[in-house]
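Residue numbering restarts at 1 for every chain, and letters A, B, ... go by the order of the sequence lines. Computed over heavy atoms, backbone and side chain alike; hydrogens, waters and symmetry mates excluded. Remember, predicted model here, so these are calculated numbers, not experimental data.
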There are 2 protein chains.
Amino acid sequence: MTQYQNQTRMLAAVDCIIFGFDGESLKILLVHRGIEPEKGKWSLMGGFVQPGESPDHAAIRILKTLTGLEGVYLEQLYTFGEPERDPIERTMSIAYFALIDIHRYEKQLSDEYQPEWFPLNKIPRLIFDHNEMVKMARAKLQYKAALHPLLFELLPKKFTLPQLQSLYESVYGTSFDKRNFSRKVLSTNLLVKQEDKYKGGSKKGAYYYKLNAKKYKANFQAFLNIIPNAHLL
Amino acid sequence: MTQYQNQTRMLAAVDCIIFGFDGESLKILLVHRGIEPEKGKWSLMGGFVQPGESPDHAAIRILKTLTGLEGVYLEQLYTFGEPERDPIERTMSIAYFALIDIHRYEKQLSDEYQPEWFPLNKIPRLIFDHNEMVKMARAKLQYKAALHPLLFELLPKKFTLPQLQSLYESVYGTSFDKRNFSRKVLSTNLLVKQEDKYKGGSKKGAYYYKLNAKKYKANFQAFLNIIPNAHLL
DNA sequence: TCAAAAGTGTTATGAGTACACCCATGG
DNA sequence: CCATGGGTGTACTCATAACACTTTTGA
């Protein structure tokens, strides 16, 4: 026996919701779709899963193609499989979300797709069910970042507390008390204060911090409570 | 254009991790696989996604076939797509986990598969990557039940606080202080005390409770904190 | 009357939250 | 010297967690 009989084969695609933070707002990276149908319309970056390739590998490959980045945070989000979601042919899409340091992103790599960053409140109409994917990715990011130290993946290796707070405020669309915020963040002992300061944001300058990589990996599963009133989300 | 060219089509399956609680321990329902390869070996209940059917619908259909139950709690868990996971032919499996009231389960429906309930610490060797699926389902159940009022789905409509506590203790493999447990559970206002008692567990009898269905639906997203020290999980 | 499970209250500790002033510096 | 953003401490409230005795009733 070499095959299962009388079953339907279908395509498997991967689509990536790529988050970045530029210091102002949380953004996602969209591309112009390269193939028909809907060629040229705004779309998530995606591609078909290849023979011999797992969905995880496909997501890593696609991310590398578009951004030039490897080793970034990548997590399977959800599999979208409505029969008519792609009008051409039945296609399952396994959606992944990625968190990248936007400053490491290499625009020149991906001229083919004319990618652009869009703030989350200005996402255009996307093809197929991609808007739904974005919505779900955002909800999951909010959910997960309230419990785990996830958002560091969006920042450079050295960052300041005001930058970190501004990132959390972007993700949750509110503002936090900076005294409580810094106390909570520092109480995790995940951050190591550096000697030098970032002077771009103010005259006084703000101390840089780095992640304590060991504790970060060990404590990733630990529940945090950075977000006040997370139960009201 | 009616097809995408030069791409690999593959099979899409759904596998269900079905949890039940019999008052003693948390169990999952396994079947004897009905087709080659590995026919007769222990397996999760599953099947191929049919044309015109979404993965969600496939999961609902499969669950109905095996248990006779409809309207049960069902959630997409993860998509497993390693190229060699099924030796016969490339198959993506979209895993779902289900929570059912084990007493509503109708054994006679499913003689074909000779299903059996296995406690989680006695899961046999399963086909393909199904052991990994079970492990992930269990972790997700623990994770999610610490934050959301999920485990009620495993109990009958009327249940007692000792039953509920025993369920939580099974899921987390520890014991809780019953005073703190009942205070926390009741403080959610999700439970409505009934007039009658369940006399099976003791001479004194324990009051039945029912879920307040409205609040349950409205508050499902609300974070609970039933599990002491959930951050240490 | 006794064994076995159900039910209930208090206290101490720690976490969360609200809130306001001083500091450093470049212009 | 002053405007701007960075950095810090305190007090109150509430949730958590530890802990033990009384109640009920069938056998």
Legend entry - Separation of D/dT22 P from B/Arg179 CZ (nearest whole Å): 13 Å
Legend entry - Minimum-distance nucleotide (side-chain atoms of B/Lys199 versus D/dG7, D/dT25, C/dA6): D/dT25
Inset, instruction - Run the ring-centre check on A/Phe80 versus A/Tyr78 and record whether the distance is less than 6.0 Å. - result: yes
Inset, instruction - Using a 4.0 Å heavy-atom cut-off across all strands, classify B/Lys178 as base, sugar-phosphate, or nothing. - result: base
Inset, instruction - Report yes if the distance between the aromatic ring centroids of A/His148 and A/Phe220 is under 6.0 Å, otherwise no. - result: yes
Inset, instruction - May I ask you to check if A/Lys193 and A/Tyr209 form a cation-pi contact, with NZ or CZ under 6.0 angstrom from the six-membered ring centre and within 45° of the axis? - result: no
Inset, instruction - Rounded to the nearest angstrom, tell me the gap between atom CG in B/Leu186 and atom P in C/dG9. - result: 12 Å
Inset, instruction - Rounded off to whole Å, could you give me the CG-to-P distance for the B/Asp196 and C/dA6 pair? - result: 16 Å
Inset, instruction - Calculate the interatomic distance between A/Phe176 atom CZ and C/dC19 atom C1'; express it in whole Å. - result: 17 Å
Legend entry - Option from B/Arg183, B/Lys184, B/Lys178 for which side-chain hydrogen bond (donor to acceptor under 3.5 Å, both in side chains) with B/Asn180 holds: B/Arg183
Inset, instruction - Would you kindly give the NZ-to-C1' distance between A/Lys197 and D/dG6, to the nearest whole Å? - result: 7 Å
Inset, instruction - Using the six-membered ring of B/Tyr208, assess whether NZ or CZ of B/Lys158 lies under 6.0 Å from its centre and within 45 degrees of the ring axis. - result: yes
Inset, instruction - Establish whether the base of D/dT4 is bridged to the side chain of A/Lys203 by a donor-acceptor pair shorter than 3.5 Å. - result: no
Inset, instruction - Nearest whole angstrom, please: distance from the P of C/dA24 to the OH of A/Tyr207. - result: 9 Å
Inset, instruction - Calculate the interatomic distance between B/Tyr198 atom OH and C/dG7 atom P; express it in whole Å. - result: 13 Å
Inset, instruction - Let me know the distance between CZ of A/Phe181 and P of C/dG16, rounded to the nearest Å. - result: 14 Å
Inset, instruction - Find which nucleotide of DNA chain C each of A/Lys204 and B/Asp177 is nearest to by heavy atoms, and output the residue with the more 5' nucleotide. - result: B/Asp177
Inset, instruction - Indicate, yes or no, whether a donor-acceptor pair under 3.5 Å links the base of C/dA15 to the side chain of A/Lys184. - result: no
Legend entry - base_contact_polar (D/dT10 base, A/Arg183 side chain, donor-acceptor, <3.5 Å): yes
